[in-house]
Trainee: 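Supplied in structure tokens, the structure appears directly below.
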Amino acid sequence: MNIPRTSFPRVVIIGGGFAGVALAKKLSKQEVQVVLLDKNNYHTFQPLLYQVSTGGLEPDSIAYPIRKILKDFPNFYFRLASVEEIDTKKNKIKTNIGNLKFDYLVVASGSKTNYFGNSEIEKHSMAMKTIPQSLNLRSLILENFEDALLTSDLNERNALMNFVIVGGGPTGVELAGALAEIKKGILPKDYPDLDTRLAQIHIVQSGDCILKGMSAKASQKAEDFLEKLGVNIWTNVRVTNYDGKTVTTNTDLTFETATLVWAAGVKGATIKGLDSEDFVTHGNRIIVNEFNQIKGFEHLFAIGDIASMISEEHPHGFPMMAQPAIQQGDQLGDNLLRIIEEKPLRPFLYKDKGVMATIGRNRAVVDLKHFKFQGVFAWYVWMFVHLFFLIGFRNRMVVFVNWVYNYVRFDREARLIIRPFKRNRKF
Ligand SMILES: Cc1cc2nc3c(=O)[nH]c(=O)nc-3n(C[C@H](O)[C@H](O)[C@H](O)COP(=O)(O)OP(=O)(O)OC[C@H]3O[C@@H](n4cnc5c(N)ncnc54)[C@H](O)[C@@H]3O)c2cc1C
């Protein structure tokens, strides 16, 4: 990989997401050599992926070059590489561009979509975990409307205009809200010769409410907001299959649709060498102690979504969200320096900064630790927080300007089929 060995200890970080970037920033001006590896050369701000999928934002406004984040830091190396295996005995990783030895290894590889073993659903559904996937979804939504215009078969037209979202968590809810706004504000203008009232948006949720991780008030309010927007919410219904045409469930309910979005869960993106039962627990996440050390090792760590730090309060580890990832990256930076200076480690203490979700314009739900609120003010808070955590001044400005423009004009101008999404449709 052409990375020189220096007198500084080498810390290899796998993944430039929230956790990996927070850690790299913390170590960047210290006497350590930091090697960050990612299969993409950019950091993705995943909370706004749904806006890319629905034409509200261009993809480059929620992505940021990793090299630029750390450009001013000495002793920092980035390599565009996919890590294929971790050799814990030889302190070495194997990647698609070569092997690399490490003194300390930090796995921050995040998570991937969990299809719970259903390969049919995996094959036919749309995921929204990466920018390319969001662009695929954007293209498919628009292609479906173009095709709906052409067909004279009413069943086919209905299926093309039916959107089924599996999972009533923040991702499903935010996507449904955005699709409902497209139906209301964009479709009648863009497709005057199509009966856009036919467009139906469904959320299918196996639990008894949406936004299960939030307060009962937030969940109820989100349901009210979505119903006002015309979204159909099906609770206590579990999707059992989708063959590209029909969605079947564990009840009599079925849906005919050309678009099933799978937002029903994620699992840790483990890497060979640390993927056996010895290391992995619930949700395919790597078991770590309170210092983020991987079971059985003092120099191997996991942070962010991939790490499961189990405690009485969090029996399945911390929620797979940006805040635990950022805070763990930051804390591990301190602890790595303490290890090098031979000082005792400090345990990770999570500062819960709350959860929020937005449901179309002017509506959001926010649960802070001591304060819960919903509606317009919550929507402003949601926007401010997302702008604040976006990386890069340009991105913040672009997103802000887009939001103001979209708000004032009731518009979403990025409704472009730049890269058509080709799929063998069954209609
Ligand atoms: C659609 C969506 C909406 C979300 N909304 C919110 C929200 O509103 N609020 C919130 O707090 N959280 C939200 N989340 C969750 C949040 O984005 C994650 O919890 C967070 O990104 C976890 O950070 P991480 O650093 O652990 O992993 P990630 O940010 O996923 O980063 C992992 C990185 O590792 C890289 N990588 C993985 N495997 C390899 C490999 N083998 N080799 C090289 N590189 C590799 C990936 O390319 C990626 O860059 C959302 C997630 C999604 C998908």
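Note that ligands are numbered from 1 as they come in the structure, with each ligand's atoms numbered from 1 the same way. If you read the sequence from its start, that first residue is 1, and numbering goes on from there.
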Trainee: How far is atom 39 (C) of ligand 1 from its nearest protein heavy atom, and which residue and atom name does that atom have?
Mentor: K39 CE, 3.9 Å
Trainee: Is the positively charged end of R361 above the ring of Y407, judged by distance under 6.0 angstrom from the centroid and angle within 45° of the axis?
Mentor: yes
Trainee: Among protein heavy atoms, which sits nearest to atom 19 (O) of ligand 1, and what does the distance come to when rounded to 0.1 Å?
Mentor: D305 OD1, 2.8 Å
Trainee: Just so I know, are the side chains of N41 and R67 near enough to count as touching, which here means a heavy-atom distance under 4.5 Å?
Mentor: no
Trainee: Give the residue and atom name of whichever protein heavy atom lies nearest to atom 21 (O) of ligand 1, and the separation in Å to one decimal.
Mentor: F18 CD1, 3.1 Å
Trainee: Can you pull out the closest protein heavy atom to atom 40 (C) of ligand 1? Residue, atom name and distance to 0.1 Å, please.
Mentor: V83 N, 3.7 Å
Trainee: Does the ring center of F348 lie less than 6.0 Å from the ring center of F318?
Mentor: yes
Trainee: Kindly confirm or rule out an N or O of M356 lying under 3.5 angstrom from an N or O of ligand 1.
Mentor: no
Trainee: Any atom of ligand 1 sitting under 4.0 Å from a heavy atom of S82?
Mentor: yes
Trainee: Assess R10 against Y77: is NZ or CZ under 6.0 Å from the centre of the six-membered ring, and within 45 degrees of the ring's axis?
Mentor: no
Trainee: Please check whether M321 reaches ligand 1 - meaning an N/O of the residue sits under 3.5 Å from an N/O of the ligand, judged on distance alone.
Mentor: yes
Trainee: Between V106, N91, I294, L105, which is the residue that forms a side-chain contact (heavy atoms from CB on, under 4.5 Å) with H299?
Mentor: N91
Trainee: State the atoms of ligand 1, each with its element, that fall below the 4.0 Å cut-off from a heavy-atom position in G15.
Mentor: 33 (C), 34 (O), 35 (C)
Trainee: Evaluating non-hydrogen atoms only, which member of G169, G16, A322 is closest to atom 10 (C) of ligand 1?
Mentor: A322
Trainee: Among side-chain atoms of Q46 and K129, is any donor-acceptor pair under 3.5 angstrom?
Mentor: yes
Trainee: Describe, in one word, how the ring planes of W262 and Y115 are oriented to each other, choosing from parallel (under 30°), tilted (30 to 60°) and perpendicular (over 60°).
Mentor: parallel
Trainee: Suppose I only count heavy atoms of G110 and a 4.0 Å limit; which atoms of ligand 1 are within that range?
Mentor: 26 (O), 27 (O), 30 (O), 32 (C)
Trainee: How about F18 and F45: are their ring centroids closer than 6.0 Å?
Mentor: yes
Trainee: Examine F255 together with H202 and report whether their ring centres are nearer than 6.0 Å.
Mentor: yes
Trainee: Name the closest protein heavy atom to atom 23 (O) of ligand 1, giving the residue it belongs to and the distance to 0.1 Å.
Mentor: A325 CB, 3.6 Å
Trainee: Considering only heavy atoms, does I271 approach ligand 1 within less than 4.0 Å through its side chain, its backbone, both, or neither?
Mentor: side chain
Trainee: With heavy-atom distances below 4.0 Å as the criterion, list the atoms of ligand 1 near T171.
Mentor: 1 (C), 2 (C), 3 (C)
Trainee: Output the list of atoms in ligand 1 that are nearer than 4.0 Å to some heavy atom of A19, sorted by atom number.
Mentor: 25 (O)
Trainee: Are F373 and F377 near enough that their ring centres are under 6.0 Å apart?
Mentor: yes
Trainee: Could you check atom 51 (C) of ligand 1 against the protein and tell me its nearest heavy-atom contact, residue, atom and distance included?
Mentor: Q46 OE1, 3.4 Å
Trainee: Would one find more than 12 heavy atoms of other residues, nucleotides or ligands at under 6.0 Å from atom CD of E31?
Mentor: no
Trainee: Report the member of I93, I13, D38, I14 with the shortest heavy-atom distance to atom 35 (C) of ligand 1.
Mentor: D38
Trainee: Would you mind checking which non-hydrogen protein atom is closest to atom 37 (C) of ligand 1, with the distance to 0.1 Å?
Mentor: S109 O, 3.1 Å
Trainee: For K372, look at atom NZ and say whether over 12 heavy atoms of other residues, nucleotides or ligands are found less than 6.0 Å away.
Mentor: yes
Trainee: Only heavy atoms count here, so choose which of A269, A108, S111 is nearest to atom 32 (C) of ligand 1.
Mentor: A108
Trainee: Should you measure from each heavy atom of N40, which atoms of ligand 1 turn up under 4.0 Å away?
Mentor: 47 (O)
Trainee: With heavy-atom distances below 4.0 Å as the criterion, list the atoms of ligand 1 near A81.
Mentor: 42 (N), 43 (C)
Trainee: I'd like to know if I306 contacts ligand 1, where contact means a heavy-atom distance under 4.0 Å to any ligand atom.
Mentor: no
Trainee: Can you establish whether the number of heavy atoms outside F388 located under 6.0 Å from its atom CZ is more than 12?
Mentor: no
Trainee: For M320, counting its heavy atoms only, list the atoms of ligand 1 lying under 4.0 Å from any of them.
Mentor: 15 (C), 19 (O)
Trainee: Name the closest protein heavy atom to atom 6 (C) of ligand 1, giving the residue it belongs to and the distance to 0.1 Å.
Mentor: P47 CG, 3.5 Å
Trainee: Give the numbers and elements of all ligand 1 atoms closer than 4.0 Å to a heavy atom of G304.
Mentor: 26 (O)
Trainee: So, do W403 and W379 have ring centers that fall under 6.0 Å from each other?
Mentor: no
